[in-house]
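Step one of this worksheet: look at the structure below.
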Amino acid sequence: MSDATAKKEERRKFQAIRGTRDLLPPETALWNRVEQTTHEVFATFGYGEIRLPIFELTELFVRAVGGATDIVGKEMYSFLDPPEFTAKQISNFISEIGTEETKRLAANPRELAHRLYEYQERLPAKIKETTGSPLLDFLLDLGESSESISLRPEATASVCRAYIEHNMQQLPQPVKLYYMGPMFRRERPQKGRYRQFYQIGAEILGGTDAPGIDAEVIEMLMTFFDKCGLQGATLYINSIGHNADNCRRGYVANLKAALEKVKDKLGPDSQRRIDTNPLRVLDSKLESEQAIIATLPHIADHLCDDCKAHYAAVKRQLELRGVLYQENWRLVRGLDYYMRTTFEITAPGLGSQNAVCGGGRYDGLVELLGGPPTKGIGFAIGEDRLILSLQESGKAQAPQGRDIYIAWMGEKAYATAIRAAKDLRKAGFSVELPPVEQKFGKALGQADKLGAKYALILGDNEVSEGLWTLKTLSTGEQAKFPEPDLLEFLRQQKNVSS
C-alpha cells in the first residue's frame, strides 16, 4: 500500500451502514416517551416484559416465518457460528497454492469453493501431525459442529421459543408478554423502513381462543395509540378461518383457480405466488393489479360455521369496548398456523406503506416449534413508523431545555453552587452547572442557548447574605429567596406548568 493510500485510509470518515442510523437527542426523548407509555399501558392489561436474544438459530425463523417467504429467503442476516472459513485459513490456503493459481481460481468460483472445502478437510490432520495438541484437537472438533445463526427479523418466534424452553405452560394461563427492541432485515431502505428497525410487540400464549381475548388485545393497542397521541389511526380486521377443506384450505383452492384464469395479467411476483402462496397475491400494492384483485373470491364467503361465529363474536366484543373498526377482506396471513382473527392499524403521514401495526391469531405456532398445542395471538408495532407518524402530525415534544442554569461568580460561590446543584437535582430538576467561572453576560447567553427556564445567580453577595437570586429568563424578572424558599417556589412553578 502506497503512503498516499495509507493516508487516505487514515482520513476515512466512518458512517452508519446503509439502512441504519443514529437516534439523537432531542428525538430520543420522543422514543423514550413512546416506550414509557408502552410500559404503563401494557402493565394495566396484565402484561409482563420479556427481554430476548438478538440472534437465534436460523432454523427457528425458517419454521416460524416460513422458508418460502422473502424474509427468510432474501432478507435475514445469517452467519455460521463459528465462521465456516476463518481469515487465517484463507490466507494459509492462498500461501499454499500460490498467486497464479489463486488468480485462476478467482475466475472459477465453484472450483474455488471445492478447493477451499478440500483444504479445510485436510487441515485438522495436517495440524495434528505437527502439534499433537489435545486442546487443538478439541477446538477443531468444535469447528465441525458450527450452526447457522440469524439476527432476529421479528420476535414472535423467540417469544414462543422462550415459552417452550421455560415451561411457561405450567404457569397460570394465558401468559401475557410484551417486548421492544431492534430487529434486522436486509430490505431496500425507504421512508420509515430501515435494515435495523425497532418493534414493540405483545403475545398472549395459552388458555382459550375466546373472542374476548382477541378483542382485548386490540383494545389495548388502540388505548396505547391514543395515549401516544397518534391521530387518524384506522383499525382493519378480518378472519382467515382455519386450515381445513371446509374453511381456508378450500378458499385457497378456489382463489388459486381464479388466479390461474388471470395469470397473464399479473406481474411476475404475483405469478410466482400463485404456486408458492396464493394468499400473498392479495397483499399486492401494484396499481395495475388492483382491479383484478377486486374480482377475486372473498374468504368471508368460505369460512366454516365455527369460524364465522368466532368472527362475529370478535366484532361484538369490539363494539362492547367502543373500538371502531373497518373490515378488510384482503387482510390475510400466508402461513398455515395463522388462523381466524387478523388485524392491521394504519396511520397518517407514512405514504403508501402506511401500516404501523399488524397482528393476528396463530394457534399452531408453539406446537410447530416443538411445544404443546397452545393458543396464541399477538401483534408487532413498527416503532420507527409510529415515531415518524407522531412527528408528521406535530405530536413530537419540543426540545426539552434545562430547568435551571447556575451562573456562579467567585471561588466562595462555587462550593455553594455545587451544593445547590446537588439539592436541585435531588428534587427532580435538570440543572446545568458550568465547570469554570463565566462573566455574567456570557453565563446568561449560555443559559439561553440551552433553553433554561431560570438562571440561579450566585456571587459573593448571595452567599454571604444567604439570599439567592433567581432570574426567569423568558420575562427577565428576578427575585431573591432564602435557600429553603427557593426550592419551594420552584416546586410550585413546576406543578403549575405540568
Which heavy atom of [X] sits nearest to which heavy atom of [Y], and what is that distance?
X: Arg115; Y: Ile97; value: NH2-CG2, 3.5 Å
X: Ser158; Y: Glu56; value: OG-OE2, 2.9 Å
X: Tyr179; Y: Val159; value: CD2-CG2, 3.9 Å
X: Pro348; Y: Ala233; value: CD-N, 4.4 Å
X: Lys285; Y: Asp283; value: NZ-O, 3.1 Å
X: Leu230; Y: Ser389; value: CD1-OG, 3.3 Å

Does [X] reach the main-chain N or O of [Y] with its side chain, forming a donor-acceptor pair under 3.5 Å?
X: Arg161; Y: Leu369; result: no
X: Asn354; Y: Ala347; result: no
X: Arg195; Y: Glu187; result: yes
X: Ser239; Y: Tyr311; result: no
X: Arg185; Y: Pro153; result: yes
X: Gln271; Y: Leu266; result: yes

Side chains of [X] and [Y]: does their closest heavy-atom pair fall under 4.5 Å?
X: Ile237; Y: Thr341; answer: no
X: Leu221; Y: Ile381; answer: yes
X: Leu279; Y: Tyr251; answer: yes
X: Ser284; Y: Asp269; answer: no
X: Ile274; Y: Lys256; answer: yes
X: Arg104; Y: Glu100; answer: no
X: Cys357; Y: Phe225; answer: yes
X: Pro174; Y: Lys375; answer: no

- Criterion side-chain contact (heavy atoms from CB on, under 4.5 Å) on Val34 and Leu390, from CA distance to verdict: CA-CA 10 Å; Val34 165; Leu390 289 171; 3.7 Å; yes
To the nearest 0.5 Å, tell me how far [X] [atom1] sits from [Y] [atom2].
X: Leu282; Y: Glu289; atom1: CG; atom2: CD; answer: 10.5 Å
X: Arg273; Y: Asp275; atom1: CZ; atom2: CG; answer: 13.0 Å
X: Met168; Y: Leu205; atom1: CE; atom2: CG; answer: 8.5 Å
X: Asn238; Y: Leu303; atom1: CG; atom2: CG; answer: 8.0 Å
X: Arg280; Y: Arg272; atom1: CZ; atom2: CZ; answer: 8.0 Å
X: Glu154; Y: Met76; atom1: CD; atom2: CE; answer: 10.0 Å

- Message: For a salt bridge (Lys or Arg N to Asp or Glu O under 4.0 Å) check, start with the C-alpha distance between Arg63 and Glu59, then their side-chain angles and the critical distance, and finish with the verdict.
- Response: CA-CA 6 Å; Arg63 282 205 210 177; Glu59 180 61 21; 3.4 Å; yes
- side chain to side chain donor-acceptor pair (under 3.5 Å) between Thr234 and Gln326: does it pass, once the steps are laid out? CA-CA 8 Å; Thr234 304; Gln326 295 181 31; 4.9 Å; no
- Query: Got a sec, which residues hit side-chain contact (heavy atoms from CB on, under 4.5 Å) with Ile94, two or more places apart in sequence or on another chain?
  - Reply: Ile90, Thr102
- Message: Between Glu27 and Arg21, does any side-chain N to carboxylate O distance fall below 4.0 Å?
- Response: no
- With a 4.0 Å cut-off, would you call Lys227 and Glu40 a salt bridge? no
Check whether the side chains of [X] and [Y] place a donor and an acceptor atom closer than 3.5 Å, and report yes or no.
X: Asp209; Y: His310; value: no
X: Tyr77; Y: Glu75; value: no
X: Tyr198; Y: Glu35; value: no

Can you confirm whether more than 12 heavy atoms, excluding those of [X], are under 6.0 Å from its [atom1] atom?
X: Tyr325; atom1: OH; answer: yes
X: Gln36; atom1: CD; answer: yes
X: Ile17; atom1: CD1; answer: no
X: Gln15; atom1: CD; answer: no
X: Arg330; atom1: CZ; answer: yes

- Please walk me through it: do Ile54 and Arg152 pass side-chain contact (heavy atoms from CB on, under 4.5 Å)? CA-CA 6 Å; Ile54 281 178; Arg152 62 186 187 192; 4.2 Å; yes
- Item | Criterion ring-ring contact (aromatic ring centres under 6.0 Å, His included) against His39, the qualifying member of Phe45, Tyr178, Tyr47 | Tyr178
- Message: The test is side-chain contact (heavy atoms from CB on, under 4.5 Å); show your working for Leu151 and Gln196 and say whether it passes.
- Response: CA-CA 10 Å; Leu151 299 181; Gln196 177 177 319; over 6 Å; no
- Intermediate values then yes/no, side-chain contact (heavy atoms from CB on, under 4.5 Å), Ile345 and Phe379: CA-CA 10 Å; Ile345 296 163; Phe379 62 81; over 6 Å; no
